[in-house]
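Okay, structure first, notes after.
None of these values were measured; they are calculated from a predicted model. The analysis underlying the following values was restricted to heavy atoms, covering all of them including side chains, and did not include hydrogens, waters or symmetry mates.
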Protein chains: 2
Amino acid sequence: MATIGDVARVAGVSRSTASYALSGKRSISTEVRERVAAAVRELGYTPNAGARALATSQTMVIGLLAQFLRDEFAPAMMQYILGVSDSARELGYDILLVTEEDGTRALRRITDSRMVDGVVLLNVAEHDDRLDILRSAGQPGALVGLPGDPRGVDVFDLDFEATGRLMVERLHRLGHRELILVSQPEHVVERGGAYVWRLRNAAVEHARQRGITVHAVFGSSQQPHIGAELNALLDAHPDATGLLLNNEAAAAALPTVLHTRGLGSPGDLSVIGRYSDEFAKSFSLPFSFIESAPDRLGRMAVDHLVRRIEQSNEAVGGHVVRLVDPEFVDRGSVAAPRAAATGHGR
Amino acid sequence: MATIGDVARVAGVSRSTASYALSGKRSISTEVRERVAAAVRELGYTPNAGARALATSQTMVIGLLAQFLRDEFAPAMMQYILGVSDSARELGYDILLVTEEDGTRALRRITDSRMVDGVVLLNVAEHDDRLDILRSAGQPGALVGLPGDPRGVDVFDLDFEATGRLMVERLHRLGHRELILVSQPEHVVERGGAYVWRLRNAAVEHARQRGITVHAVFGSSQQPHIGAELNALLDAHPDATGLLLNNEAAAAALPTVLHTRGLGSPGDLSVIGRYSDEFAKSFSLPFSFIESAPDRLGRMAVDHLVRRIEQSNEAVGGHVVRLVDPEFVDRGSVAAPRAAATGHGR
DNA sequence: CTGAAAGCGCTTACAG
DNA sequence: CTGAAAGCGCTTACAG
């Protein structure tokens, strides 16, 4: 490979002049600039990234720590990764993808060895061991997922409490008085998946304030089981007119369950899910839902991270916790309950 | 951050001795080795990856070029990425993930700038522009997906021709005489997705040799359409007793289609799909299938790539095209057709 | 068994 | 507007 020394020699200038001609960091005569450009073309010169990183202390690489947890919907992770990767590239950064089981060790490795200028953590838990490592690292970090203690990092997440309230409010206004909420499995909560109880608690509390009932349960994340559970729930609560889903597997299983029971939506049951548009498309789900916006969250995290990397801390300001407002995507599965509309039970 | 100079000073040795003590590349007295180790612990020293890369010309990073094509099943990509990432880590390598739309430009960027020691290409097409770049790059490359011209690279893929034959043979032996094969959409073929016609042509040819009929069609990759198409196919070929699917969307839609028509499998219809175990689990598909083995292929590609990186070309030998034998995963959706078993049409 | 020195390929003050 | 030189943090022949 050609080096900048080769470029300099061919162009008949010094290495520093060649470097400045390429970076534009000081004024260069037109003639020299063109000679350098010609030499670059002739030699097919591309700067050595490692050498540049060593000289500038900037790698132009962002570390992306994905975490694949048991019983979480793995394909959904792809969306976050793409959001992060695509927006990083637009800003001139490449992505070092780390899928190691032991996230703390991996995080320490890539920050201590200065492989990256900053780090995005995915799937952050309520108490996440990676945060201590990150806070003592020399590089800034952005999280997707709200931890219990967000000090020293920038956080981006869907506002799951507002999501819970919105789901309940929407149905309450239409006259629903008895709802079912199916969350992720309980061990997702135990492992620190705080978004599960944030949505759940907010929904339950909001229902209480409105004086309506919500049967809140944890569902399985595997397809055969969750189908049976949904059936059992519908049997147990025949007067429920609304179904809220914070559980991808439940959403995927529901069409078959409804079909088997001969139920229509929203005719017999109003349904609101919480998942991504991409997920809805893959499974062609016919339900209205709250968009979980993985690409948008990934993008926000990267944008902010890059500002922290490139600007002074004073310019960027204090650390932020940015919770995205839930967006209701109407697919027509929500309506007034039969009981309220016609005066008959269903 | 502490440098090796700091370590040397604290340990009271020269930098070269500190370096050798860490790498073990020459014999060091026990006493010095321990002093260096203590200094490393005390300072929390980790070598600077960029500096090491510059000195050794080895980055310990593998570039992973994912390619997201319209109408291919995006979640499936995650499996390949995980296979590559996990096995790279086991061999001491990190992954630079590139999802850029313009794969050729991205490939040139990461190889020319020496950010990576080698490269894995995913979703390789029959005529793939990235191959020319790769062949003229200084780093070795491994492909997942068989291109028309595999010279100069190592290739790993499922044996799609054997897969087509196996699907047909399996049903032929049980007495099936009329089959339907649903492939990916035709524009996947046009774009260069050679695996589609490889499987299809082999299946058709094998059926011809066996003197049985196979209705080979291209299906949609979107859920509402493919469902309608499956229904139309079953209407058009009422005597077909076997259904072969080289199309993820078709597999995902089939349970509902069968249920709606009141058909059982294998009672009324034998079914064989081609997808990954992970996919089968996500959609809880009740069909026997040929495992597409994304994790295994990713692993094979990395193993071989690392050998090329670390050993001489003579030691590794000529470039390979490794086609994995199709593995039939029995989920009980294949049996003798009713007509053959009972003497009645269905 | 250990050290002084050169070199990897850049960038960027310092000098003119 | 341009050049000679130092330095980023490592590794590794060269010498002893």
Side-chain angles (χ1 to χ4, degrees), chain A residues 1-37 39-40 43-61 109-117 138-139 310, chain B residues 1-37 39-40 43-61 109-117 138-139 310:
Chain A
M1 278 315 270
T3 72
I4 197 159
D6 299 324
V7 172
R9 187 162 19 78
V10 169
V13 298
S14 72
R15 299 196 307 155
S16 58
T17 297
S19 177
Y20 283 120
L22 289 172
S23 69
K25 286 193 183 168
R26 77 179 184 193
S27 40
I28 299 281
S29 70
T30 317
E31 196 223 323
V32 165
R33 197 179 324 121
E34 281 170 2
R35 286 217 310 271
V36 170
V40 166
L43 298 167
Y45 169 73
T46 306
N48 179 302
R52 175 174 279 177
L54 186 56
T56 61
S57 313
Q58 281 236 321
T59 63
M60 300 308 285
V61 174
R109 184 183 74 247
I110 67 171
T111 54
D112 282 358
S113 65
R114 308 267 134 180
M115 298 183 84
V116 298
D117 295 335
Q139 296 97 325
E310 297 183 349
Chain B
M1 279 317 272
T3 71
I4 197 159
D6 300 323
V7 171
R9 188 162 18 77
V10 169
V13 296
S14 72
R15 300 197 306 156
S16 55
T17 299
S19 177
Y20 283 119
L22 290 172
S23 69
K25 287 193 181 168
R26 77 179 181 194
S27 39
I28 299 280
S29 70
T30 317
E31 195 223 322
V32 164
R33 196 180 323 124
E34 281 170 2
R35 287 217 310 272
V36 169
V40 165
L43 297 167
Y45 169 73
T46 308
N48 179 302
R52 176 174 279 177
L54 185 56
T56 62
S57 312
Q58 280 238 320
T59 64
M60 300 308 286
V61 174
R109 184 181 74 247
I110 67 171
T111 53
D112 282 358
S113 66
R114 306 267 133 179
M115 298 182 83
V116 298
D117 294 336
Q139 296 96 325
E310 298 183 349

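The OG1 atom of A/Thr46 lies 10.0 Å from the CZ atom of A/Arg52; values are rounded to the nearest 0.5 Å. Once rounded to the nearest 0.5 Å, the distance linking CG of B/Asn48 with CG of B/Leu54 reads 10.0 Å. A distance of 8.0 Å separates OG of A/Ser19 from NZ of A/Lys25, quoted to the nearest 0.5 Å. Going from atom OG1 of B/Thr3 over to atom CZ of B/Arg15 covers 7.5 Å, rounded to the nearest 0.5 Å.
Between the CE atom of A/Met60 and the P atom of C/dT11 there is a distance of 13 Å, given to the nearest Å. A straight line from CD1 of B/Ile4 to C1' of D/dT12 spans 12 Å, rounded to a whole angstrom. Nucleotide C/dA6 holds its C1' atom 13 Å from the CG atom of B/Leu54, rounded to whole Å. A straight line from CZ of B/Arg52 to P of D/dT11 spans 5 Å, rounded to a whole angstrom. Atom-to-atom, CD of A/Gln58 to P of D/dG7 comes out at 22 Å; the value is rounded to the nearest Å. Between the NZ atom of A/Lys25 and the C1' atom of C/dC14 there is a distance of 17 Å, given to the nearest Å. Here C/dC1 presents its C1' atom at 12 Å from CZ of B/Arg35, a figure rounded to the nearest Å. To the nearest angstrom, P of D/dC10 lies 12 Å from CG of A/Asp112.
Two residues are said to be in side-chain contact when any heavy atoms from C-beta on lie closer than 4.5 Å; B/Met115 and B/Thr59 fail this criterion. At least one side-chain heavy atom of A/Arg35 sits under 4.5 Å from a side-chain heavy atom of A/Val13. Under the 4.5 Å side-chain criterion, counting only non-hydrogen atoms from C-beta, B/Arg33 is not in contact with B/Val36.
Phosphate contact (OP1/OP2 of C/dC1, side-chain N/O of B/Ser27, threshold under 4.0 Å): present. Within the structure, every side-chain polar atom (N or O) of B/Thr3 is placed at least 4.0 Å from both OP1 and OP2 of D/dG9.
Contact annotation: side chain of A/Ser16 to base of D/dA5, donor-acceptor pair absent below 3.5 Å. A donor-acceptor contact under 3.5 Å is not formed by the side chain of B/Tyr20 with the base of C/dA4. With hydrogens and angles ignored, a donor-acceptor pair under 3.5 angstrom links the side chain of B/Arg26 to the base of C/dG3.
Nearest-nucleotide assignment on DNA chain D puts the 5′-proximal partner with A/Ser29, out of A/Ser29 and A/Arg15. Ranked by how close their nearest DNA chain D nucleotide is to the 5' end, B/Thr17 and A/Thr17 are led by A/Thr17. Between B/Ile28 and A/Tyr45, it is B/Ile28 whose nearest contact on DNA chain C lies nearer the 5' terminus.
Checked against C/dG3, D/dT12, D/dT2, the side chain of B/Val13 finds its nearest nucleotide in C/dG3.
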Go ahead and write out DNA chain D as dot-bracket, 5' to 3': ( ) for pairs within the strand, [ ] for ones crossing earlier pairs, | when the partner sits on another strand, dots for unpaired; Watson-Crick or G-U wobble, both distances under 3.5 Å. |||.||||||||.|||
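Within the 4.0 angstrom heavy-atom criterion, only backbone atoms of the sugar-phosphate kind lie near B/Thr56; the bases stay farther away.
Checked against B/Thr17 for a side-chain contact (heavy atoms from CB on, under 4.5 Å), the options B/Leu22, B/Ile28, B/Val7 give a single hit: B/Ile28.
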